[in-house]
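In what follows, a single structure is set out as structure tokens and then discussed.
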Amino acid sequence: MKVTYNHKEIEKKWDGAWKVNPVNVDDGKKEKYYCLDMFPYPSGHGLHVGHWRGYVISDVWSRYKLMQGYYLIHPMGWDAFGLPAENYAIKNGIHPSISTAENIANIKRQINQIAAIYDWDREVNTTDPDFYKWTQWIFVQMFKAGLAYEKEMPINWCPSCKTGLANEEVVDGKCERCHSEVTKKNLRQWMLKITAYADRLLDDLATLDWPEKVIKMQTEWIGRSYGAEIDFPVEGSDKKIRVYTTRPDTLYGATFMVLAPEHVLSASLAVEETKAAVDKYIFDASMKSNVDRMADKEKTGVFTGSYAINPLNQAKIPIWISDYVLADYGTGAIMCVPAHDDRDFAFAKKFDLPIIPVISPDGQDVGEMEEAYTGSGIVINSGEWNGRDSAELKEAAPAEIEERGIGTKKVNYKLRDWVFSRQRYWGEPIPIVHCPKCGNVPVPEDQLPLVLPDVESYQPTGTGESPLAAIDEWVNTTCPCCGAPAKRETNTMPQWAGSSWYFLRYVDPHNQEKLVDREKADKYLPVDMYIGGVEHAVLHLLYSRFYTKFLNDIGVIDFNEPFKKLFNQGMVCGRDRETGAATKMSKSLGNIVSPDDMVRDYGCDALRLYELFIGPPELDSIWDERGIDGVYRFLCRLYSLVMSNLESNVEATDEMIRTWHKMVCDITKRLESFSLNTVVSGFMEYTNKLTEISKKEGGLDRETMETVIRLIAPFAPHIAEEMWQAYGHEQSVFDSRFGWPTYDEALTKDDEIEIGVQVNGKVRCTIRIPVDISQEEALAKAKEALGDKLQGEIRKEIYVPGRIINIVAK
RNA sequence: GCGGAUGUGGCGGAAUGGCAGACGCAUCAGACUCAAAAUCUGACGGUGGUAACAUCGUGUGGGUUCAAGUCCCACCAUCCGCACCA
């Protein structure tokens, strides 16, 4: 009997069947499983097949967990504040709130095509005042805890977006969003003291089941180093210059000192003869962009004319100024040991400064040095330290220096505090009132949310002021503390504010009293599986961890890491027509593939399978539209096979039983290891195998068919439900009473297997043998089968049961 | 410069140290058809051979092993991250 697969009919019938889902019920007994997607930014371009892939992966995993009997939290929402929405609005003359709503509607339509079992009752939107009330509330709590503070400082400024940026938003000296070169601008800023959490953010990475790559990126971003701060007196003056070094063990080798041009003492260290040159150098450095400073591999510098005294051996060393020293790391000044640091070495060579080696790899005298020696060895030329192991001294030196009173132990971080204010309209207003008498006063919690006012002109001003500053009736208010006339803060929060905590709100999205009910938080949080792209490795994922730790500290939640397991799916790339190379899908390249047409032509199930089949989920892959024909044909064959056995009364044969046990074993193991591409190919293999058996036996038994249906359900839910219903089931195939199929290990093995026979490591023939055959018998059979292919004296015989026979002969 | 990932047919890819190329795409041949599409059957890494078969073959060069795509060493290429953090 031939049964035709009609995806349009089947998918229409089951469309929305899981929206109101009687199978995902919290009966109080089930264990919870929280599977989260990184919520999308609702852009005007809609979703492409790359976005789809992530959502398919998370939905497959969610449905699998559902079938295993978990109560599933699988929500979706919208990260809708931020620059792109605002830029889009400005360009098209539509208010961002309108365009955002339109984009959400379109993307929601597209997401519904995936047939993911999102719980739309939990939907959140970061631009909803009911939501951002709590984004503001968290800010107020941080302000009260001293973690949100105001500061005027030179910050990264994007001249195109006309706003300040966080360190994490500057990539290669360019704006993460628009790729314009970032400049410095002195601005009054709201900062979040994320550095106060540096140690915990670093140490707790060890507790996470995350990709190594992301752990490493965060580790390096936080960049903890151990060392010492040492004061060097300036000769003939009461000034002292404090340096930070991670190599106090090389202190005897310090032959000069370098200050950043921005260091407070830089200009004042110049003497009569050097003043002009020093001033010019400092001025020139201030005119250089970050990119120029980084691009200049050739070191520049200027001698101040002053000398510092090495506090350990009283040596007199010249003080230089150079822009290779960063002003905002450590103390902005360094001691230079050219013998053991590449950068100092290059500087010393260029300006002909002395090089004194203080570590010898072998303890022998070191001659003329061609390059810096950064390894360890025996300490030399270092007075009382001579003869010590440099690695040991590196550990011990900070404490020894501290004992002598010439320095202190010090830990430093690359992580900087988070520049949190944006001079833009489309974001959460920062809930602070500036009172001339009381200073900065937070908006009282019962007055939150502080609603973003409607404005006529939401264009960025570029002056460092937000467009909100132009609305007098909004800006002018009274102090919540003393009632005197006061002004509102007019900066808004960055795009990351809402996304730093949205996953908490999903478990209690309509709570008017609290950010999240503590009981619900304890029950449903944290997130068990978080799926999304790797691009947020040090942005969203770091910020979320910081927020979670803070909310844990103030008792809102009882855990300190938001995402137990993280999975980064690979990008789906287009193919360059000329070179055939993979290229990122982008609007400008015109290589974006929309899923809409493919859903129409092949159906949701086929596209779901193809998104997985295309390659390993964690790797980037190239989209080739032709390939989907293969999975569509597979679904046709599968449907035909299963439905043609509907009336079958074939008794299950040993082969059928073993085949489905093997299938459950294979598919489950591959699914557990997230090898989703091979799960799909596995379905094809087993369908081919079962078709063969069916032809031979005149049909297949019911249990085998139902096992196939249940296994494929998380992947192709429509066709599975259709077939499941055809097999007479009233409940959904996802109903937890059916569970995920199990298998009997003993039945996954055959009694007889085919095994390769090698001579000297090369396969010469294969033989069929019983699995439990003895080594002697196996070898005898192998020799018999080889015949005269086996020549010469036998040196060694290897039999690995179930694997290989190898006979070494000469 | 440092760190990481990747490298297998025409293409996407598969392979707990054990028969390399599963599964699929494309291609070719055959069946069905007036014909085409769809579907079904078969072939499909290179070289030699009608064939059985032989031989070479997983970026390059070495090594370990009875046996290496897989482990080790040294390179090359591509992509990603960090990039004067002292």
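A, B, ... follow the sequence lines: proteins, then strands. Residue 1 opens every chain. Quantities reported herein were computed from a predicted structural model and do not represent experimental measurements.
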Looking at every strand, decide which applies to A:Arg795 at a 4.0 Å heavy-atom threshold: base, sugar-phosphate, or nothing.
nothing
Please report the distance separating the P of B:U55 from the corresponding atom of B:A68, rounded so that it comes out in whole Å.
15 Å
Hunt down the Watson-Crick or G-U wobble partner of B:U65, both distances under 3.5 Å, from any strand shown, or write none.
none
Between A:Tyr610 and A:Trp623, what is the ring plane arrangement, given parallel below 30°, perpendicular above 60°, and tilted in between?
perpendicular
Between A:Trp221 and A:Tyr413, the residue closer to the 5' end of RNA chain B by nearest nucleotide is A:Trp221
Could you tell me how the ring of A:Phe683 sits relative to the ring of A:Phe715: parallel (under 30°), tilted (30 to 60°) or perpendicular (over 60°)?
perpendicular
Counting any heavy atom closer than 4.0 Å, what does A:Asn806 reach on the DNA or RNA strands: base, sugar-phosphate only, or nothing?
base
Mind checking who B:U33 pairs with, Watson-Crick or G-U wobble, both distances under 3.5 Å?
none
Taking atom C1' in both B:C71 and B:U64, compute the distance separating them and give it to the nearest angstrom.
8 Å
Given the P atoms of B:G59 and B:G69, what is the spacing between them in whole Å?
10 Å
Distance, C1' atom - from B:G13 to B:G45, rounded to whole angstrom
15 Å
Syn-anti status, with the boundary at 90° from 0, for the nucleotide B:G9
syn
State whether the side chain of A:Asn645 and the backbone N or O of A:Gly699 hold a donor-acceptor pair below 3.5 Å, judged by distance alone.
no
Heavy atoms under 4.0 Å, any strand shown: does A:Thr766 hit a base, just sugar-phosphate, or nothing?
base
Hydrogens and angles aside, do A:Tyr244 and A:Ser225 bring a side-chain donor and acceptor to less than 3.5 Å of each other?
yes
Counting the atoms with a prime plus P, OP1 and OP2 as sugar-phosphate, which does A:Ile614 contact under 4.0 Å by heavy atoms, base, sugar-phosphate, or nothing?
sugar-phosphate
Check the pair A:Phe347 / A:Phe256 against ring-ring contact (aromatic ring centres under 6.0 Å, His included), numbers first and verdict last.
CA-CA 10 Å; A:Phe347 196 84; A:Phe256 58 100; 5.6 Å; yes
At under 4.0 Å between heavy atoms, what does A:Glu754 touch on the DNA or RNA strands: base, sugar-phosphate, or nothing?
base
With the side chain of A:Val325 defined as its heavy atoms from C-beta on, choose the nearest nucleotide among B:A86, B:C82, B:C66.
B:A86
Show me the protein contacts with nucleotides 20-23 of chain B, counting only N or O atoms at under 3.5 Å.
unit_1	atom_1	unit_2	atom_2	d
B:A22	O2'	A:Glu685	OE1	3.3

Which residue lies more 5' along RNA chain B, comparing A:Arg416 with A:Met217 via nearest heavy atoms:
A:Met217
How would you label the contact of A:Val800 with the nucleic acid (heavy atoms, under 4.0 Å): base, sugar-phosphate, or nothing?
base
Using only heavy-atom distances, determine whether the side chains of A:Glu395 and A:Tyr226 contain a donor-acceptor pair under 3.5 Å.
no
Checking base pairs now: Watson-Crick or wobble, both atom distances under 3.5 Å. What partners B:C19?
none
For A:Arg53 and A:Ile614: C-alpha separation, side-chain torsions, deciding distance, then whether side-chain contact (heavy atoms from CB on, under 4.5 Å) applies.
CA-CA 10 Å; A:Arg53 192 173 187 218; A:Ile614 192 166; 4.0 Å; yes
Tell me whether the OP1 or OP2 atom of B:A86 has a side-chain N or O from A:Tyr324 closer than 4.0 Å.
no
For the P atoms, the ones on B:G48 and on B:U33, what distance do you get once it is rounded to whole angstrom?
39 Å
Who pairs with B:C82 - Watson-Crick or G-U, where each distance is under 3.5 Å
B:G1
Considering every strand and a 4.0 Å limit on heavy-atom distances, what is the contact class for A:Lys695: base, sugar-phosphate, or nothing?
sugar-phosphate
According to a strict under-4.0 Å criterion, is A:Arg633 in side-chain N/O contact with OP1 or OP2 of B:C25?
yes
Hunt down the Watson-Crick or G-U wobble partner of B:U6, both distances under 3.5 Å, from any strand shown, or write none.
B:A77
For a quick test of reading the model: is some side-chain N or O of A:Lys410 closer than 4.0 Å to OP1 or OP2 of B:A86?
no
Check A:Lys350 with A:Glu298, please: is the shortest side-chain N to carboxylate O separation under 4.0 Å?
yes
For nucleotides B:G4 and B:A38, find the distance between their C1' atoms and express it as a whole number of Å.
48 Å
In whole Å, measure the gap between the P atoms of B:C11 and B:C82 for me.
32 Å
Which one, B:C82, B:A86, B:G4, comes nearest to the side chain of A:Val171?
B:C82
Among the nucleotides B:C84, B:C80, B:G18, whichever has the atom closest to the side chain of A:Lys213 is B:C80
With C1' as the reference atom in both, quote the distance from B:C25 to B:A14 in angstrom, rounded to an integer.
15 Å
Which word best sums up how the rings of A:Tyr632 and A:Tyr602 line up, parallel for under 30°, tilted for 30 to 60°, or perpendicular for over 60°?
perpendicular
